[in-house]
Amino acid sequence: MKEELALFGGKKGFTRVEEFASATRWPVFSEEEKKAVCEVLESENVYAPIEQFEREFAAYHGVRYALAHNNGTSSIHAALFAVGVEPGDEVITSAYTWHLQVTPIIALHAIPVFCDVEPKSACIDPADIKRKISKRTKAIVVVHPYGAVASMDEIISLAQEYGIPVIEDCSHAHGAKYKGKKAGALGDVGCFSLQASKLMTGIEGGVLITNNEEYYERACVLGHYERIPRLKKEKYRRYYQPEKEMAPSCFGFKYRMHPLAAAIARVQLRHLDEWNSIRRHNMTYITKAINEVMGEIGDFFEPPYEAPNTERVWLNYICQYYADKNGVPRERFIEALKAEGIPATGGRTGYLPVYWNPIYEERSVWARGYPFDAPYVSRKITYEKGICPEAEKFWRRTVGLPVIHRRVSRDLLEEYVAAIAKVLRNIDALK
Ligand SMILES: Cc1ncc(COP(=O)(O)O)c(C=O)c1O
(Lines give C-alpha, C1' and ligand atoms only; values in the text may rest on other atoms or scores of the structure.)
Protein backbone atom coordinates (compact mmCIF):
# COMPACT_ATOMS: atom_id res chain seq x y z
CA MET A 1 0.00 0.00 0.00
CA LYS A 2 1.57 3.30 -1.10
CA GLU A 3 0.93 6.30 1.11
CA GLU A 4 2.44 9.75 0.84
CA LEU A 5 5.33 10.01 3.29
CA ALA A 6 5.16 12.90 5.78
CA LEU A 7 8.59 13.92 4.48
CA PHE A 8 6.88 14.81 1.17
CA GLY A 9 3.83 16.49 2.70
CA GLY A 10 1.71 13.42 3.54
CA LYS A 11 -0.13 12.99 6.84
CA LYS A 12 2.12 12.33 9.84
CA GLY A 13 1.90 8.66 10.84
CA PHE A 14 2.46 9.03 14.60
CA THR A 15 1.05 11.94 16.53
CA ARG A 16 0.83 10.85 20.18
CA VAL A 17 3.92 12.81 21.01
CA GLU A 18 3.24 13.72 24.65
CA GLU A 19 2.01 10.30 25.72
CA PHE A 20 5.02 8.77 23.98
CA ALA A 21 7.51 11.17 25.55
CA SER A 22 6.26 10.34 29.02
CA ALA A 23 6.36 6.57 28.32
CA THR A 24 9.94 6.73 27.02
CA ARG A 25 11.32 9.07 29.70
CA TRP A 26 13.90 7.33 31.86
CA PRO A 27 14.69 7.28 34.73
CA VAL A 28 11.63 8.52 36.60
CA PHE A 29 11.66 8.38 40.39
CA SER A 30 8.60 7.94 42.59
CA GLU A 31 7.67 8.71 46.17
CA GLU A 32 9.27 5.37 47.09
CA GLU A 33 12.80 6.49 46.19
CA LYS A 34 12.24 9.89 47.81
CA LYS A 35 11.08 8.19 51.01
CA ALA A 36 14.06 5.83 50.97
CA VAL A 37 16.47 8.75 50.61
CA CYS A 38 14.80 10.70 53.43
CA GLU A 39 14.93 7.66 55.70
CA VAL A 40 18.70 7.46 55.25
CA LEU A 41 19.11 11.16 55.94
CA GLU A 42 17.17 10.77 59.16
CA SER A 43 18.79 7.52 60.30
CA GLU A 44 21.67 7.05 62.72
CA ASN A 45 23.56 4.62 60.52
CA VAL A 46 23.67 6.41 57.20
CA TYR A 47 25.88 3.71 55.69
CA ALA A 48 23.43 0.85 56.35
CA PRO A 49 21.80 0.81 52.86
CA ILE A 50 25.05 -0.25 51.19
CA GLU A 51 25.23 -3.69 52.74
CA GLN A 52 21.46 -4.08 52.71
CA PHE A 53 21.58 -3.48 48.98
CA GLU A 54 24.43 -5.94 48.57
CA ARG A 55 22.52 -8.71 50.33
CA GLU A 56 19.44 -8.12 48.18
CA PHE A 57 21.41 -7.87 44.94
CA ALA A 58 23.30 -11.09 45.71
CA ALA A 59 20.05 -12.90 46.56
CA TYR A 60 18.41 -11.66 43.34
CA HIS A 61 21.29 -13.15 41.33
CA GLY A 62 21.64 -16.28 43.46
CA VAL A 63 25.31 -15.60 44.23
CA ARG A 64 27.32 -15.53 47.46
CA TYR A 65 28.83 -12.07 47.21
CA ALA A 66 27.86 -8.63 45.99
CA LEU A 67 30.20 -5.70 46.49
CA ALA A 68 28.68 -2.27 45.87
CA HIS A 69 30.83 0.26 44.01
CA ASN A 70 30.70 3.96 43.31
CA ASN A 71 30.27 3.23 39.59
CA GLY A 72 30.40 0.48 37.00
CA THR A 73 33.89 1.41 35.83
CA SER A 74 35.37 0.87 39.28
CA SER A 75 33.56 -2.48 39.58
CA ILE A 76 35.25 -3.58 36.32
CA HIS A 77 38.62 -2.39 37.58
CA ALA A 78 38.03 -4.39 40.77
CA ALA A 79 36.95 -7.49 38.80
CA LEU A 80 40.07 -7.42 36.64
CA PHE A 81 42.25 -6.97 39.71
CA ALA A 82 40.32 -9.71 41.51
CA VAL A 83 41.00 -12.33 38.85
CA GLY A 84 44.68 -11.43 38.90
CA VAL A 85 45.29 -9.29 35.82
CA GLU A 86 48.86 -7.98 35.98
CA PRO A 87 50.98 -5.56 33.94
CA GLY A 88 51.66 -6.96 30.48
CA ASP A 89 48.80 -9.49 30.59
CA GLU A 90 46.29 -9.52 27.78
CA VAL A 91 42.56 -9.19 28.34
CA ILE A 92 40.12 -10.14 25.61
CA THR A 93 37.25 -7.70 25.31
CA SER A 94 34.56 -6.79 22.82
CA ALA A 95 35.35 -4.15 20.22
CA TYR A 96 31.76 -3.00 20.51
CA THR A 97 31.09 -1.63 23.97
CA TRP A 98 31.31 1.49 26.09
CA HIS A 99 34.97 2.50 26.19
CA LEU A 100 35.05 2.65 30.00
CA GLN A 101 34.63 -1.10 30.00
CA VAL A 102 38.09 -1.23 28.45
CA THR A 103 40.05 1.58 30.13
CA PRO A 104 40.29 -0.31 33.47
CA ILE A 105 42.34 -2.92 31.57
CA ILE A 106 44.78 -0.19 30.60
CA ALA A 107 44.70 1.22 34.13
CA LEU A 108 46.11 -2.13 35.29
CA HIS A 109 48.85 -1.79 32.64
CA ALA A 110 47.39 -4.74 30.79
CA ILE A 111 46.66 -4.91 27.08
CA PRO A 112 43.14 -4.95 25.63
CA VAL A 113 42.77 -7.46 22.80
CA PHE A 114 39.68 -6.55 20.82
CA CYS A 115 37.35 -9.25 19.61
CA ASP A 116 34.87 -8.94 16.83
CA VAL A 117 31.12 -9.32 17.31
CA GLU A 118 28.27 -11.47 16.04
CA PRO A 119 26.63 -9.50 13.20
CA LYS A 120 23.02 -9.70 14.40
CA SER A 121 23.43 -9.00 18.11
CA ALA A 122 26.77 -7.16 18.43
CA CYS A 123 27.63 -9.67 21.17
CA ILE A 124 31.27 -10.79 21.34
CA ASP A 125 31.93 -13.60 18.85
CA PRO A 126 33.18 -16.81 20.52
CA ALA A 127 34.96 -17.87 17.30
CA ASP A 128 37.03 -14.68 17.39
CA ILE A 129 37.73 -15.17 21.12
CA LYS A 130 39.17 -18.57 20.24
CA ARG A 131 41.40 -17.00 17.59
CA LYS A 132 42.64 -14.35 20.00
CA ILE A 133 43.38 -16.46 23.07
CA SER A 134 47.11 -16.71 23.70
CA LYS A 135 49.33 -17.79 26.56
CA ARG A 136 49.24 -14.14 27.68
CA THR A 137 45.42 -14.02 28.02
CA LYS A 138 44.46 -13.44 31.67
CA ALA A 139 40.75 -12.68 31.41
CA ILE A 140 37.84 -12.41 28.99
CA VAL A 141 35.41 -9.53 29.47
CA VAL A 142 31.99 -10.11 27.92
CA VAL A 143 29.42 -7.34 27.56
CA HIS A 144 25.73 -8.00 26.87
CA PRO A 145 25.23 -5.03 24.54
CA TYR A 146 21.96 -3.11 24.82
CA GLY A 147 20.57 -6.04 26.86
CA ALA A 148 21.22 -8.87 24.35
CA VAL A 149 22.85 -11.80 26.12
CA ALA A 150 26.12 -13.10 24.64
CA SER A 151 26.69 -16.76 23.64
CA MET A 152 27.69 -17.75 27.15
CA ASP A 153 27.87 -21.56 26.75
CA GLU A 154 30.44 -21.27 23.97
CA ILE A 155 32.38 -18.55 25.81
CA ILE A 156 32.45 -20.38 29.13
CA SER A 157 33.46 -23.69 27.59
CA LEU A 158 36.35 -21.96 25.77
CA ALA A 159 37.35 -20.19 28.96
CA GLN A 160 37.30 -23.46 30.88
CA GLU A 161 39.34 -25.21 28.20
CA TYR A 162 42.07 -22.56 28.56
CA GLY A 163 41.60 -21.88 32.30
CA ILE A 164 40.75 -18.20 31.81
CA PRO A 165 38.23 -16.37 34.04
CA VAL A 166 35.21 -14.68 32.45
CA ILE A 167 34.03 -11.27 33.62
CA GLU A 168 30.55 -10.28 32.50
CA ASP A 169 29.87 -6.59 32.07
CA CYS A 170 26.12 -6.50 32.71
CA SER A 171 25.77 -2.74 32.65
CA HIS A 172 23.12 -3.15 29.94
CA ALA A 173 21.61 -6.36 31.18
CA HIS A 174 20.11 -6.08 34.67
CA GLY A 175 17.73 -8.99 35.01
CA ALA A 176 18.53 -10.58 31.63
CA LYS A 177 18.61 -14.38 31.52
CA TYR A 178 20.51 -17.11 29.72
CA LYS A 179 18.88 -20.54 29.92
CA GLY A 180 16.97 -19.30 32.94
CA LYS A 181 20.06 -18.08 34.82
CA LYS A 182 20.68 -14.41 35.48
CA ALA A 183 23.32 -12.51 33.52
CA GLY A 184 26.19 -11.69 35.85
CA ALA A 185 25.98 -15.08 37.56
CA LEU A 186 27.06 -16.98 34.43
CA GLY A 187 30.76 -16.14 34.38
CA ASP A 188 33.25 -15.87 37.26
CA VAL A 189 32.52 -12.25 38.11
CA GLY A 190 29.64 -9.98 37.08
CA CYS A 191 29.85 -6.19 36.96
CA PHE A 192 26.97 -3.73 36.73
CA SER A 193 26.74 0.00 36.25
CA LEU A 194 23.90 1.70 38.11
CA GLN A 195 24.36 5.01 36.31
CA ALA A 196 21.21 7.01 35.57
CA SER A 197 20.46 5.66 32.10
CA LYS A 198 20.55 2.02 33.21
CA LEU A 199 17.62 -0.36 33.65
CA MET A 200 17.91 0.06 37.40
CA THR A 201 19.88 2.91 38.85
CA GLY A 202 21.25 4.64 41.92
CA ILE A 203 21.81 7.67 39.66
CA GLU A 204 25.48 6.68 39.94
CA GLY A 205 26.75 3.37 41.29
CA GLY A 206 28.05 -0.06 40.43
CA VAL A 207 28.10 -3.63 41.76
CA LEU A 208 30.43 -6.60 41.48
CA ILE A 209 29.02 -10.07 42.07
CA THR A 210 30.74 -13.43 42.37
CA ASN A 211 30.58 -16.83 44.02
CA ASN A 212 34.33 -16.86 44.44
CA GLU A 213 35.60 -15.88 47.89
CA GLU A 214 39.12 -15.16 46.66
CA TYR A 215 37.85 -12.78 43.96
CA TYR A 216 35.51 -11.09 46.43
CA GLU A 217 38.26 -10.53 48.95
CA ARG A 218 40.72 -9.22 46.36
CA ALA A 219 38.07 -6.77 45.16
CA CYS A 220 37.63 -5.62 48.76
CA VAL A 221 41.38 -5.16 49.17
CA LEU A 222 41.56 -2.99 46.07
CA GLY A 223 39.04 -0.37 47.01
CA HIS A 224 37.16 -1.03 50.26
CA TYR A 225 39.52 -0.58 53.21
CA GLU A 226 36.65 -0.65 55.70
CA ARG A 227 36.00 -4.31 54.86
CA ILE A 228 39.49 -5.55 55.53
CA PRO A 229 39.04 -6.44 59.23
CA ARG A 230 36.15 -8.70 58.22
CA LEU A 231 37.88 -10.62 55.43
CA LYS A 232 38.39 -14.36 55.94
CA LYS A 233 41.84 -14.70 54.47
CA GLU A 234 44.76 -13.82 56.71
CA LYS A 235 46.83 -12.77 53.68
CA TYR A 236 44.35 -9.93 53.12
CA ARG A 237 43.47 -9.22 56.78
CA ARG A 238 47.11 -8.33 57.37
CA TYR A 239 46.36 -4.99 55.76
CA TYR A 240 44.69 -4.26 59.08
CA GLN A 241 46.93 -4.63 62.09
CA PRO A 242 45.26 -3.07 65.13
CA GLU A 243 48.00 -4.40 67.43
CA LYS A 244 50.38 -2.11 65.58
CA GLU A 245 47.82 0.66 65.86
CA MET A 246 47.30 0.61 62.12
CA ALA A 247 44.09 1.53 60.38
CA PRO A 248 42.78 -0.84 57.71
CA SER A 249 44.53 0.07 54.49
CA CYS A 250 43.60 -1.01 51.01
CA PHE A 251 45.48 -0.62 47.75
CA GLY A 252 44.74 3.05 47.46
CA PHE A 253 41.36 3.27 45.79
CA LYS A 254 38.13 4.20 47.49
CA TYR A 255 35.31 2.57 45.61
CA ARG A 256 32.56 2.63 48.26
CA MET A 257 29.07 3.28 46.94
CA HIS A 258 27.26 6.40 48.06
CA PRO A 259 24.63 5.29 50.61
CA LEU A 260 21.90 7.42 49.01
CA ALA A 261 22.62 5.68 45.70
CA ALA A 262 22.28 2.36 47.52
CA ALA A 263 18.96 3.45 49.04
CA ILE A 264 17.63 4.37 45.59
CA ALA A 265 19.01 1.18 44.02
CA ARG A 266 17.28 -0.95 46.69
CA VAL A 267 13.91 0.44 45.63
CA GLN A 268 14.74 0.02 41.96
CA LEU A 269 15.80 -3.61 42.43
CA ARG A 270 12.39 -4.40 43.91
CA HIS A 271 10.76 -3.14 40.68
CA LEU A 272 13.29 -4.41 38.17
CA ASP A 273 11.44 -7.56 37.06
CA GLU A 274 8.14 -5.74 36.71
CA TRP A 275 9.76 -2.91 34.71
CA ASN A 276 11.68 -5.37 32.51
CA SER A 277 8.46 -7.20 31.74
CA ILE A 278 6.68 -3.97 30.69
CA ARG A 279 9.61 -3.05 28.43
CA ARG A 280 9.63 -6.58 27.07
CA HIS A 281 5.94 -6.49 26.28
CA ASN A 282 6.26 -3.19 24.39
CA MET A 283 9.48 -3.91 22.56
CA THR A 284 8.61 -7.47 21.50
CA TYR A 285 5.29 -6.20 20.14
CA ILE A 286 7.19 -3.67 18.01
CA THR A 287 9.81 -6.22 16.96
CA LYS A 288 7.19 -8.72 15.88
CA ALA A 289 5.33 -6.09 13.87
CA ILE A 290 8.51 -4.91 12.12
CA ASN A 291 9.53 -8.49 11.35
CA GLU A 292 6.10 -9.14 9.81
CA VAL A 293 6.45 -6.14 7.51
CA MET A 294 10.01 -7.01 6.59
CA GLY A 295 8.91 -10.59 5.88
CA GLU A 296 6.79 -9.13 3.07
CA ILE A 297 9.12 -6.51 1.65
CA GLY A 298 12.79 -7.44 2.01
CA ASP A 299 15.78 -7.61 4.29
CA PHE A 300 17.13 -4.06 4.48
CA PHE A 301 16.00 -3.45 8.06
CA GLU A 302 16.32 -5.66 11.14
CA PRO A 303 14.96 -4.96 14.60
CA PRO A 304 17.19 -5.96 17.57
CA TYR A 305 17.99 -9.63 17.96
CA GLU A 306 17.07 -12.00 20.76
CA ALA A 307 19.04 -15.25 20.73
CA PRO A 308 17.27 -18.55 21.47
CA ASN A 309 17.59 -19.63 25.10
CA THR A 310 17.96 -16.04 26.24
CA GLU A 311 15.58 -13.56 27.77
CA ARG A 312 17.14 -10.30 26.76
CA VAL A 313 16.27 -6.97 28.34
CA TRP A 314 15.75 -3.64 26.67
CA LEU A 315 18.22 -0.94 27.60
CA ASN A 316 18.20 0.31 24.02
CA TYR A 317 16.42 -0.57 20.82
CA ILE A 318 19.18 -0.57 18.23
CA CYS A 319 18.17 -1.76 14.77
CA GLN A 320 20.28 -2.55 11.74
CA TYR A 321 19.70 -0.71 8.47
CA TYR A 322 21.40 -2.00 5.29
CA ALA A 323 21.67 0.98 2.94
CA ASP A 324 23.57 -1.20 0.47
CA LYS A 325 20.45 -3.35 -0.02
CA ASN A 326 18.12 -0.56 -1.15
CA GLY A 327 20.32 2.38 -2.13
CA VAL A 328 18.71 4.78 0.39
CA PRO A 329 21.23 6.32 2.79
CA ARG A 330 20.63 5.67 6.49
CA GLU A 331 20.31 9.40 7.27
CA ARG A 332 17.57 9.74 4.66
CA PHE A 333 15.66 6.80 6.20
CA ILE A 334 15.99 8.39 9.65
CA GLU A 335 14.80 11.73 8.29
CA ALA A 336 11.68 10.03 6.90
CA LEU A 337 10.98 8.28 10.23
CA LYS A 338 11.35 11.57 12.10
CA ALA A 339 9.00 13.30 9.70
CA GLU A 340 6.39 10.63 10.58
CA GLY A 341 6.83 11.49 14.28
CA ILE A 342 9.15 8.57 15.15
CA PRO A 343 12.15 9.86 17.14
CA ALA A 344 14.79 7.71 15.41
CA THR A 345 18.50 8.33 15.79
CA GLY A 346 21.59 7.24 13.88
CA GLY A 347 25.28 8.07 13.94
CA ARG A 348 26.44 8.05 17.55
CA THR A 349 23.40 5.99 18.57
CA GLY A 350 25.56 2.90 18.54
CA TYR A 351 29.01 2.47 19.98
CA LEU A 352 31.99 3.32 17.85
CA PRO A 353 34.41 0.40 17.76
CA VAL A 354 36.39 1.06 20.94
CA TYR A 355 39.78 0.99 19.23
CA TRP A 356 38.79 3.96 17.05
CA ASN A 357 39.13 6.08 20.18
CA PRO A 358 42.23 8.32 19.88
CA ILE A 359 43.81 6.90 23.06
CA TYR A 360 44.62 3.71 21.14
CA GLU A 361 46.62 5.69 18.62
CA GLU A 362 48.10 8.47 20.73
CA ARG A 363 50.35 6.46 22.97
CA SER A 364 51.58 9.67 24.60
CA VAL A 365 48.45 9.93 26.78
CA TRP A 366 50.25 7.76 29.30
CA ALA A 367 53.86 8.51 30.09
CA ARG A 368 56.24 6.94 27.57
CA GLY A 369 53.47 5.08 25.78
CA TYR A 370 52.52 2.92 28.77
CA PRO A 371 51.26 0.29 28.89
CA PHE A 372 51.41 -0.57 25.18
CA ASP A 373 55.13 0.01 24.77
CA ALA A 374 56.19 -0.99 28.29
CA PRO A 375 59.13 -3.39 28.69
CA TYR A 376 56.88 -6.09 30.17
CA VAL A 377 54.73 -6.17 27.00
CA SER A 378 56.19 -8.95 24.93
CA ARG A 379 54.80 -8.12 21.49
CA LYS A 380 54.14 -5.05 19.38
CA ILE A 381 50.64 -3.74 20.02
CA THR A 382 48.74 -1.88 17.29
CA TYR A 383 45.05 -1.24 16.73
CA GLU A 384 44.52 -0.59 13.03
CA LYS A 385 41.14 0.18 11.54
CA GLY A 386 39.54 -2.99 10.21
CA ILE A 387 40.71 -5.38 12.94
CA CYS A 388 37.10 -6.09 13.92
CA PRO A 389 35.13 -5.67 10.67
CA GLU A 390 31.75 -6.81 12.00
CA ALA A 391 31.87 -4.27 14.85
CA GLU A 392 32.70 -1.52 12.35
CA LYS A 393 29.85 -2.56 10.05
CA PHE A 394 27.38 -2.88 12.92
CA TRP A 395 28.06 0.69 14.00
CA ARG A 396 27.54 2.05 10.48
CA ARG A 397 24.18 0.30 10.22
CA THR A 398 22.64 1.38 13.54
CA VAL A 399 19.28 3.08 13.76
CA GLY A 400 18.04 3.67 17.30
CA LEU A 401 14.41 3.82 18.35
CA PRO A 402 13.31 4.69 21.89
CA VAL A 403 12.58 2.05 24.52
CA ILE A 404 9.05 2.34 25.88
CA HIS A 405 9.46 1.95 29.63
CA ARG A 406 5.88 2.29 30.78
CA ARG A 407 2.58 0.60 30.02
CA VAL A 408 0.94 2.13 26.98
CA SER A 409 -2.29 1.40 25.18
CA ARG A 410 -2.52 -1.06 22.34
CA ASP A 411 -3.71 1.85 20.17
CA LEU A 412 -0.48 3.73 20.74
CA LEU A 413 1.64 0.71 19.83
CA GLU A 414 -0.41 0.08 16.72
CA GLU A 415 -0.12 3.68 15.55
CA TYR A 416 3.61 3.65 16.28
CA VAL A 417 4.37 0.50 14.29
CA ALA A 418 2.08 1.59 11.46
CA ALA A 419 4.13 4.78 11.10
CA ILE A 420 7.38 2.78 10.95
CA ALA A 421 5.82 0.34 8.51
CA LYS A 422 4.71 3.24 6.31
CA VAL A 423 8.34 4.35 5.84
CA LEU A 424 9.56 0.77 5.33
CA ARG A 425 6.93 0.05 2.69
CA ASN A 426 7.64 3.31 0.89
CA ILE A 427 11.41 3.10 1.04
CA ASP A 428 11.74 3.38 -2.74
CA ALA A 429 10.21 6.86 -2.62
CA LEU A 430 13.32 7.99 -0.72
CA LYS A 431 15.69 7.15 -3.57
C1 LIG B 1 28.78 -1.45 28.90
C2 LIG B 1 29.20 -0.49 29.98
N3 LIG B 1 30.23 -0.83 30.77
C4 LIG B 1 30.65 -0.02 31.74
C5 LIG B 1 30.07 1.20 31.97
C6 LIG B 1 30.61 2.10 33.02
O7 LIG B 1 29.70 2.34 34.05
P8 LIG B 1 29.73 3.69 34.88
O9 LIG B 1 29.33 4.81 33.98
O10 LIG B 1 28.74 3.45 35.97
O11 LIG B 1 31.10 3.85 35.40
C12 LIG B 1 28.98 1.59 31.19
C13 LIG B 1 28.32 2.88 31.40
O14 LIG B 1 27.56 3.38 30.63
C15 LIG B 1 28.54 0.73 30.15
O16 LIG B 1 27.53 1.07 29.34
Side-chain angles (χ1 to χ4, degrees), residues 25-41 43 45-58 60-61 65-82 97-105 107 141 143-147 167-176 183-184 189-210 219-220 222-227 250 252-272 275-276 313 315-316 351 403 405:
R25 188 175 146 204
W26 190 259
V28 176
F29 299 106
S30 71
E31 288 308 312
E32 250 185 292
E33 284 95 348
K34 291 180 202 160
K35 185 163 167 273
V37 167
C38 289
E39 275 170 12
V40 181
L41 298 179
S43 71
N45 181 3
V46 288
Y47 282 106
I50 300 173
E51 293 194 18
Q52 288 166 340
F53 171 61
E54 287 173 348
R55 283 192 290 277
E56 291 158 2
F57 202 78
Y60 177 82
H61 289 91
Y65 305 102
L67 185 58
H69 279 75
N70 54 354
N71 54 53
T73 310
S74 60
S75 74
I76 294 169
H77 183 202
L80 292 161
F81 178 83
T97 184
W98 179 235
H99 74 111
L100 294 186
Q101 183 214 290
V102 182
T103 40
I105 301 170
V141 186
V143 67
H144 303 301
Y146 308 131
I167 297 168
E168 289 178 81
D169 178 358
C170 303
S171 298
H172 296 184
H174 310 70
V189 187
C191 297
F192 297 78
S193 166
L194 302 177
Q195 175 270 339
S197 66
K198 302 304 185 301
L199 294 172
M200 61 164 283
T201 177
I203 300 184
E204 288 289 344
V207 203
L208 175 154
I209 63 173
T210 184
C220 290
L222 183 74
H224 305 264
Y225 65 84
E226 71 283 3
R227 316 249 176 170
C250 65
F253 295 92
K254 186 182 162 191
Y255 282 165
R256 189 190 303 158
M257 187 183 211
H258 196 296
L260 296 182
I264 295 170
R266 288 186 73 202
V267 175
Q268 298 251 317
L269 180 61
R270 289 201 283 274
H271 291 284
L272 178 64
W275 291 340
N276 273 342
V313 286
L315 178 73
N316 304 93
Y351 288 133
V403 169
H405 294 275

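- The CG atom of L269 sits 4.5 Å away from the CE atom of M200 when rounded to the nearest 0.5 Å.
- Y60 pairs by the ring-ring contact (aromatic ring centres under 6.0 Å, His included) definition with nothing, not counting sequence neighbours.
- For V267, the side-chain contact (heavy atoms from CB on, under 4.5 Å) partners two or more places apart in sequence, or in a different chain, are E32, E33, A36, R270, H271.
- Side-chain contact between Y146 and V313 is absent, with no heavy atoms from C-beta onward closer than 4.5 Å.
- Annotation: H99 is not in aromatic contact with Y351 [ring centroid separation under 6.0 Å not met].
- Atom NE2 in H258 sits 13.5 Å away from atom CG in N71 (nearest 0.5 Å).
- Considering all non-hydrogen atoms of both residues, C250 and C220 come closest at CB-O, 4.4 Å.
- Residues H172 and L199 come closest through the heavy atom pair O-CD1, 3.8 Å.
- For the side-chain hydrogen bond (donor to acceptor under 3.5 Å, both in side chains) test, residues two or more places apart in sequence or in another chain that qualify with S197 are Q195.
- Judged as a ring-ring contact (aromatic ring centres under 6.0 Å, His included), and not counting sequence neighbours, the contacts of H174 are F192.
- Within the 4.5 Å cutoff, no side-chain heavy atoms of I167 are placed close to those of I76.
- Checked by atom type and distance alone, the side chain of E168 never pairs as donor or acceptor with a backbone atom of G190 at under 3.5 Å.
- With no hydrogens or angles considered, a side-chain donor-acceptor pair links D169 and S171 at under 3.5 Å.
- To the nearest 0.5 Å, the span separating NZ on K198 from CD1 on I203 amounts to 13.0 Å.
- At least one side-chain heavy atom of L80 sits under 4.5 Å from a side-chain heavy atom of I105.
- In this structure, V40 and V37 have side chains that are not in contact, with every pair of non-hydrogen atoms separated by 4.5 Å or more.
- Taking the six-membered ring where the residue is Trp, the centroids of Y255 and H77 are separated by under 6.0 Å.
- The pair E54-R256 does not count as a salt bridge, with every side-chain nitrogen at least 4.0 angstrom from each carboxylate oxygen.
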**Report entry** Stepwise side-chain contact (heavy atoms from CB on, under 4.5 Å) test for Q268 and F53
**Finding:** CA-CA 10 Å; Q268 298 251 317; F53 171 61; over 6 Å; no
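- Every residue meeting the side-chain contact (heavy atoms from CB on, under 4.5 Å) condition with S75, not counting sequence neighbours, appears here in chain and number order: H69, C191, L208.
- Taking the side chain as every heavy atom from C-beta outward, T97 and V102 approach each other to under 4.5 Å.
- Taking all atoms of both residues into account, the shortest heavy-atom contact from A176 to G147 is CB-O, 4.3 Å.
- Note that CD1 of I50 is 10.0 Å distant from CG of L67, once rounded to the nearest 0.5 Å.
- Atom CG of N70 sits about 11.0 Å away from atom CZ of F253, to the nearest 0.5 Å.
- The CE atom of M257 sits 4.5 Å away from atom CG of L194, with the distance rounded to the nearest 0.5 Å.
- For the ring-ring contact (aromatic ring centres under 6.0 Å, His included) test, residues two or more places apart in sequence or in another chain that qualify with H405 are W26.
- The shortest heavy-atom contact between L222 and A78 is CD2-CA, 3.6 Å.
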**Report entry** Pair Y65-I209, side-chain contact (heavy atoms from CB on, under 4.5 Å): steps then yes or no
**Finding:** CA-CA 6 Å; Y65 305 102; I209 63 173; over 6 Å; no
Report task. Please lay out, stage by stage, how E51 and R227 fare under the test side-chain contact (heavy atoms from CB on, under 4.5 Å). Result -> CA-CA 11 Å; E51 293 194 18; R227 316 249 176 170; 4.0 Å; yes
